[in-house]
There are 2 protein chains.
Amino acid sequence: MGSTVSTSVIKRLPRYYRFLQELMNNGVTRISSRELSEKMGFTASQIRQDFNCFGGFGQQGYGYNVSELHAEIGKILGVDKGYKTILIGAGNLGRAIATHMNFDARGCKLIGIFDVNPELTDVEVGNLRIMHTDKIESFCNENSPVIAILCIPKESAQQIADTLVKHGIKAFWNFSHCDLKPTFNDIIVENAHLGDSLMTMVYNVNASSDN
Amino acid sequence: MGSTVSTSVIKRLPRYYRFLQELMNNGVTRISSRELSEKMGFTASQIRQDFNCFGGFGQQGYGYNVSELHAEIGKILGVDKGYKTILIGAGNLGRAIATHMNFDARGCKLIGIFDVNPELTDVEVGNLRIMHTDKIESFCNENSPVIAILCIPKESAQQIADTLVKHGIKAFWNFSHCDLKPTFNDIIVENAHLGDSLMTMVYNVNASSDN
DNA sequence: GGATTATTGTCAATGTTTTAACGAGTACAA
DNA sequence: TTGTACTCGTTAAAACATTGACAATAATCC
């Protein structure tokens with residue numbers, strides 16, 4: 001196992017990855033931690049330390065090779081893993097995510113979309129057809145998805161999550177406004193609590209006008 | 001001004017708020033830091049310390065009064081501020097946010113939606129009609145919005161952000177896959193980088209299967 | 001080919017966040 | 001009314017994260 005790296009570091013990796021992609025697109029082939037620090041707003045020291053968690057990708061006197069570093073970080077993040085992913089809840093948000101997310105470039109492969117509303121059954125989203133929630137269990141048995149995205153009301157989230165865990169789901173990307181209780185261990189939950197994010201911003205606006 | 005509180009604490013406040021709401025709905029009137037810690041998965045010590053950043057809301061031997069604490073945190077977060085908010089980009093994601101977000105309960109008031117696509121002009125979303133992007137500047141001059149939500153491609157994000165800052169926008173909730181450069185100071189940016197969140201999760205899935 | 005400059009990887013120092021410990025005050029029961 | 005159990009606010013300790021410093025090494029220039 002990969003000698004635990006702190007979550008602070010992990011949370012910065014996608015940003016590095018995005019930035020390096022940008023540099024590649026602009027034809028930049030090499031970059032130093034100092035230059036990166038100026039562009040990204042981190043300290044050069046932090047950047048070097050972050051990269052070093054995974055081994056020395058740079059070279060003294062030269063810096064980092066952009067495309068090599070990009071590839072390494074991609075590998076660390078697992079962008080080529082293609083984990084089978086299902087999405088539960090095809091409301092506005094669910095459909096936005098299904099169509100916008102570029103799963104393939106992020107290590108996921110969206111293989112199924114489900115909604116409880118029978119009127120949505122067979123409606124096409126992206127290149128998939130929405131299935132009724134009834135079909136989740138048989139679908140899981142046949143296709144063994146690993147990741148589930150929850151875009152459903154908080155009232156039903158916990159129950160569906162429990163069912164999915166029983167059918168082999170290992171990780172949840174949770175957009176429901178609730179905190180899933182890990183009734184089973186070693187399940188990964190990444191919360192995307194948009195409401196919390198908005199409230200944090202409002203706090204900051206409020207705080208900044210108080211002075 | 002409110003003697004700076006660390007962002008770690010701030011980011012937990014919405015979660016406390018949500019949880020206390022839930023308790024109120026269930027008719028719970030008092031709760032101790034120990035009980036809360038069991039339900040939320042923080043340590044009791046952290047909870048007491050967090051609340052204490054804003055003053056002593058509890059009482060020895062009793063705990064905290066749920067509705068009082070809920071109200072206090074709401075006040076700290078500014079949920080009653082009703083900051084005027086506009087949304088730029090009425091694609092799938094923009095519409096999902098406009099209709100799902102319950103802005104009023106989170107200190108915001110959505111007063112305008114804009115999109116560059118003329119075919120969307122006058123289409124109704126929530127109880128607002130989409131306006132063409134051309135109208136942003138005059139709208140800002142007349143209505144003085146404070147917060148802007150960016151649901152637009154990264155190519156146009158920086159330019160629109162610059163325009164908005166010139167017209168008095170103080171804070172951005174940024175869903176574009178880019179990092180806004182703060183060309184002007186003291187502008188608040190809350191990034192909702194869903195792609196980064198997804199990649200973090202994929203990393204964790206990957207790391208957990210490596211052992 | 002040697003001197004100079006650039007830049008990494010790493011170690012130590014600093015700063016921040018979380019956890020633990022405990023005195024003081026309140027509620028509640030006998 | 002007294003004693004016991006509970007729980008806060010706060011201080012101190014531990015864990016964790018970031019920054020600064022520098023030796024080692026590679027690139028580049030003359």
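Numbers restart at 1 for each chain; the letters A, B, ... are given by sequence-line order, proteins then strands.
- Pairing each heavy atom of Ile130(B) with each of Ala90(B), the nearest pair is CD1-CB, 3.6 Å.
- Contacts of Phe42(B) with the nucleic acid, taken as non-hydrogen atoms under 4.0 Å apart, are absent.
- Residues Asp50(B) and Gln46(B) have side chains that never bring a donor and an acceptor to within less than 3.5 angstrom of each other.
- Ring geometry for Tyr16(B) against Phe42(B) counts as perpendicular: the plane angle is over 60°, on a 0 to 90° scale with 30° as the lower cut.
- Nucleic acid contact for Phe51(B): none, since no nucleic acid atom lies under 4.0 Å from a heavy atom of the residue.
- With sequence neighbours excluded, the residues that form a side-chain contact (heavy atoms from CB on, under 4.5 Å) with Arg48(B) are Ser33(B), Ala44(B), Tyr64(B).
- A nucleotide of DNA chain C counts as in contact with chain B when one of its atoms lies under 4.0 Å from a heavy atom; the first and last such, 5' to 3', are dT17(C) to dC28(C).
- Heavy atoms of Ser45(A) sit under 4.0 angstrom from at least one base atom.
- Salt-bridge check for Glu38(B) with Arg34(B): passed, with a basic side-chain N closer than 4.0 Å to an acidic carboxylate O.
- Between Gln60(A) and Ser33(B), the residue anchored closer to the 5' end of DNA chain D is Ser33(B), taking for each the nucleotide with the nearest heavy atom.
- Nucleotides of DNA chain D with any atom under 4.0 Å from a heavy atom of chain A span, from 5' to 3', dA17(D) to dT28(D).
- Between Asp162(B) and Gln158(B), the side chains place a donor N or O and an acceptor N or O closer than 3.5 Å (distance only, hydrogens not considered).
- Of the listed residues (Arg18(A), Arg15(A), Arg12(A)), just one forms a salt bridge (Lys or Arg N to Asp or Glu O under 4.0 Å) with Asp196(B), and that residue is Arg18(A).
- Ranked by how close their nearest DNA chain C nucleotide is to the 5' end, Gly63(A) and Gln49(A) are led by Gly63(A).
- Between Trp173(A) and Phe103(A), the ring-plane angle classifies as perpendicular under the 30° and 60° cut-offs.
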